[in-house]
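Just so you know, these numbers use all the heavy atoms, side chains as well, and skip hydrogens, waters and symmetry mates. Chain letters run A, B, ... following the sequence lines, proteins first and then strands; every chain starts at 1.
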Amino acid sequence: MDKNKTIVRFAPSPTGFLHLGSGRTALFNWLFAKKTGGKFLLRIEDTDKVRSEERFLEEILEDLKWLGIDWEGPLTHQSHRFELYREKAEEILAAGKAYKEGEAIIYKVEKGIEIELDDIVHGKIKFNTDEIKDQVMIKSDGSPAYNFCCVVDDADLGITHIIRGDDHISNTPKQIMFYEAMGLTPPRFGHMPLMMGTDGAKLSKRHGGVSVEEYKREGFLPQALANYLILLGWSPGDDREIISLEEAAELFDINNVSDVQSKFDAQKLRWINGEYIMASDTKDLLPLIKEQLLAAEVDISNVTDEYISEIIDLYKVRMKTLGEFPAMTDHFFKDDFEMEEKGKRKYLGKEGNPENLAIFAGELANLNTFSHETIEEVCRKIAEERELKAAQIIHPTRMAISGKTAGAGLFEMMEVLGKQKVLERMRRVAK
RNA sequence: GUCCCCAUCGUCUAGCCUGGUCAGGACACCAGAUUUUCAUUCUGGCGACAGGGGUUCGAAUCCCCUUGGGGACGCCA
């Protein structure tokens with residue numbers, strides 16, 4: 001093993017979906033490994049056989065990959081290593097540093113000792129063993145206790161840096177004791193402040209979701225989520241807000257990770273996501289958009305990819321999440337779309353408007369080339385002849401063909417919808 | 001309760017380590033410009049060093065206290 005190589009790990013517990021905060025921790029470990037040319041390993045903390053489930057593990061691995069995180073080598077399953085933990089615990093017991101209580105093996109904590117931790121993000125933190133109770137190493141049922149097997153594994157895997165959440169700070173002195181009990185030098189620790197909800201409380205569903213998977217489902221792009229998570233607690237130094245994982249890995253400096261806890265801001269995530277959507281190629285968006293349409297139970301069996309792509313081109317700049325697409329574009333996929341009441345009253349009730357619509361429709365019927373240029377030409381011509389503002393024709397038409405007051409450019413929408421549907425819809429409301 | 005972490009605009013942050021540039025940027029918000037609506041884009045505006053003591057010629061920056069927020073105190077991980 002290369003002595004100078006950094007080795008870090010992410011150690012999820014497959015008892016639920018990948019939490020946003022865990023995703024962020026994984027990202028920082030990955031970034032640190034990339035930056036230092038080290039290794040990023042994955043260890044599965046599945047000692048709790050009751051709560052651990054295979055489907056959670058699969059989902060977690062999928063979410064990590066989705067975020068752009070890759071890892072080296074095979075997974076380490078703690079559930080496969082119970083013998084190793086027992087062996088180590090027996091050694092400590094034999095050395096007289098532990099005692100048995102029933103089947104459990106418990107480490108005897110020596111009181112009155114100062115343990116100093118030189119944390120990478122916080123600096124020096126001191127603990128006194130007077131505050132620490134004797135520590136279970138092996139539980140009565142034979143399974144290892146977290147703090148113990150964590151140390152056995154980190155030592156065994158040659159982990160050089162442990163980057164994890166602040167909620168582990170109080171575990172650290174306990175773990176340092178175990179390293180010492182086994183005659184090992186502890187690795188470097190770095191504790192990152194936790195990510196909180198907008199109101200300062202623990203991140204929970206009412207803040208808009210806690211698992212990576214939920215954001216994927218809502219139509220956030222992985223690059224955008226990763227970008228946002230990275231910026232929460234670290235900054236590239238200049239004023240950049242949009243940064244790829246690769247660039248971040250080059251610029252990353254673990255010493256610049258903030259020691260201040262942050263609040264999750266869904267607004268900013270949405271903005272970043274919008275930036276990524278706008279910059280995406282339509283062909284890359286297409287399969288994702290189709291998933292969203294299917295999830296929203298939109299019937300796309302009769303439309304082509306080309307048709308959907310044209311619509312994506314029109315709405316790319318308008319969505320903050322891909323999940324917004326189906327509602328924004330329902331009129332492209334069905335004829336019985338909803339009519340916004342306010343817009344209906346404002347644009348289809350007024351005197352003259354239905355008549356203008358009829359005239360516009362009549363002129364459009366004569367068009368051979370139904371493109372946004374030719375449509376616009378006709379529209380502006382009518383406006384001029386009838387001494388109207390083009391808007392007076394445009395707004396009612398928009399209502400007629402989309403049922404909405406907001407959306408993509410009218411003429412582009414009409415071109416994509418096609419002459420037949422456009423005329424049908426216009427005549428439906430015209431006089 | 002005990003121990004621990006933390007404190008710059010509403011939010012994310014730069015600046016802090018190595019005291020001295022109107023405390024800079026982004027999101028959000030507000031106004032204006034462009035535009036057929038919305039969105040985009042471009043201008044401008046609003047808006048912060050938690051409070052109090054020190055140290056110093058000088059403190060957002062160093063020290064202490066208070067207050068406030070968060071975390072941990074499991075045979076969960």
Side-chain angles (χ1 to χ4, degrees), chain A residues 11-16 22 45-48 50-52 78 101-106 117 119 121-123 125-128 130-133 135-150 165-174 191-196 198-202 228 231-242 255-256 258-272 274-275 278 314-320 328 343 347 376 379-380 383 389-399 402 404-413:
Chain A
S13 194
T15 53
S22 304
E45 312 222 312
D46 52 356
T47 57
D48 186 335
V50 180
R51 294 201 301 142
S52 298
Q78 290 191 321
E101 204 173 274
E103 289 304 303
I105 305 178
I106 299 169
L117 159 67
D119 193 274
V121 339
H122 290 292
I125 304 175
K126 284 177 183 159
F127 306 90
N128 192 299
D130 286 346
E131 318 286 343
I132 303 173
K133 291 193 279 189
Q135 295 293 306
V136 173
M137 294 188 289
I138 303 294
K139 303 183 209 171
S140 301
D141 66 358
S143 66
Y146 169 73
N147 280 126
F148 183 65
C149 60
C150 183
D166 261 0
D167 50 341
H168 282 286
I169 290 183
S170 58
N171 282 326
T172 306
K174 300 169 187 172
H191 292 93
M192 308 196 333
L194 303 177
M195 180 170 69
M196 312 303 291
T198 334
D199 52 2
K202 236 184 199 139
Y228 176 72
L231 251 33
L232 220 55
W234 177 75
S235 128
D238 52 20
D239 289 328
R240 277 211 300 168
E241 306 286 338
I242 302 298
N255 296 304
N256 281 343
S258 169
D259 59 357
V260 185
Q261 74 183 189
S262 52
K263 296 189 176 105
F264 178 81
D265 181 4
Q267 288 284 12
K268 185 138 188 185
L269 206 211
R270 287 173 58 77
W271 174 76
I272 289 179
E275 293 291 307
M278 272 191 266
L314 296 184
Y315 285 86
K316 216 155 66 164
V317 77
R318 282 162 242 263
M319 358 169 210
K320 296 299 179 207
M328 280 178 144
Y347 296 120
E376 179 161 8
C379 174
R380 303 229 179 251
K389 281 186 168 176
Q392 285 176 275
I393 300 174
I394 288 170
H395 294 313
T397 309
R398 173 189 306 287
M399 265 321 285
S402 75
K404 296 172 180 53
T405 54
L410 174 69
F411 308 123
E412 283 82 359
M413 276 203 290

With a 3.5 angstrom cut-off on both distances, give the Watson-Crick or G-U wobble partner of B:C49, or none if there isn't one.
none
Should the pair A:Asp238-A:Arg240 be classified as a salt bridge under the 4.0 Å nitrogen-to-oxygen rule?
yes
Could you check how far CE of A:Met319 sits from C1' of B:U40, rounded to whole Å?
13 Å
Nucleotide nearest A:Val260 when distance is taken to its side chain, options B:A7, B:G71, B:U36:
B:A7
Separation of B:C29 P from A:Asp265 CG (nearest whole Å):
11 Å
Which nucleotide in the set B:A77, B:A39, B:C5 lies at the smallest distance from any side-chain heavy atom of A:Val317?
B:A39
Tell me what A:Glu101 touches on the nucleic acid: a base, only sugar-phosphate, or nothing, going by heavy atoms under 4.0 Å.
base
Minimum heavy-atom separation for A:Ser143 to A:Asp141, with atom names?
OG-OD1, 2.7 Å
Using atom CG of A:Leu314 as one end and atom C1' of B:A39 as the other, report the distance to the nearest whole Å.
12 Å
Rounding to an integer number of angstrom, what distance separates B:C49 and B:U61 when you compare their P atoms?
12 Å
Choosing from B:C75, B:G25, B:C5, which nucleotide comes nearest the side chain of A:Ser140?
B:C75
From the options B:U2, B:A72, B:G74, select the nucleotide whose nearest atom is closest to the side chain of A:Asp167.
B:A72
Are A:Lys139 and B:G74 close enough that a side-chain N or O sits under 4.0 Å from OP1 or OP2?
no
Suppose we call a contact any N or O donor and acceptor under 3.5 Å apart; does that hold for the side chain of A:Arg398 and the base of B:U36?
yes
Length of the NE2-P vector between A:His122 and B:G71, whole Å:
14 Å
Residue A:Gln261, side-chain heavy atoms: nucleotide from B:C76, B:U8, B:G69 that is nearest:
B:G69
Walk me through whether A:His122 and A:Leu117 qualify under side chain to side chain contact (heavy atoms under 4.5 Å, CB included).
CA-CA 9 Å; A:His122 290 292; A:Leu117 159 67; over 6 Å; no
Expressed in whole Å, how much space separates the P atoms belonging to B:U56 and B:C16?
23 Å
Counting heavy atoms from C-beta on, name the nucleotide in B:A26, B:U11, B:U37 closest to the side chain of A:His395.
B:U37
Would you tell me if any nitrogen or oxygen in the side chain of A:Lys174 comes within less than 4.0 Å of OP1 or OP2 on B:G74?
no
Selected nucleotide, minimal atom distance to A:Val136 side chain, candidates B:C6, B:C75, B:C5
B:C75
Counting side-chain heavy atoms from CB outward, which of B:U40, B:U2, B:A26 is closest to A:Glu241?
B:A26
Is the phosphate of B:U36 approached by A:Arg380 (side-chain N or O, under 4.0 Å from OP1 or OP2)?
yes
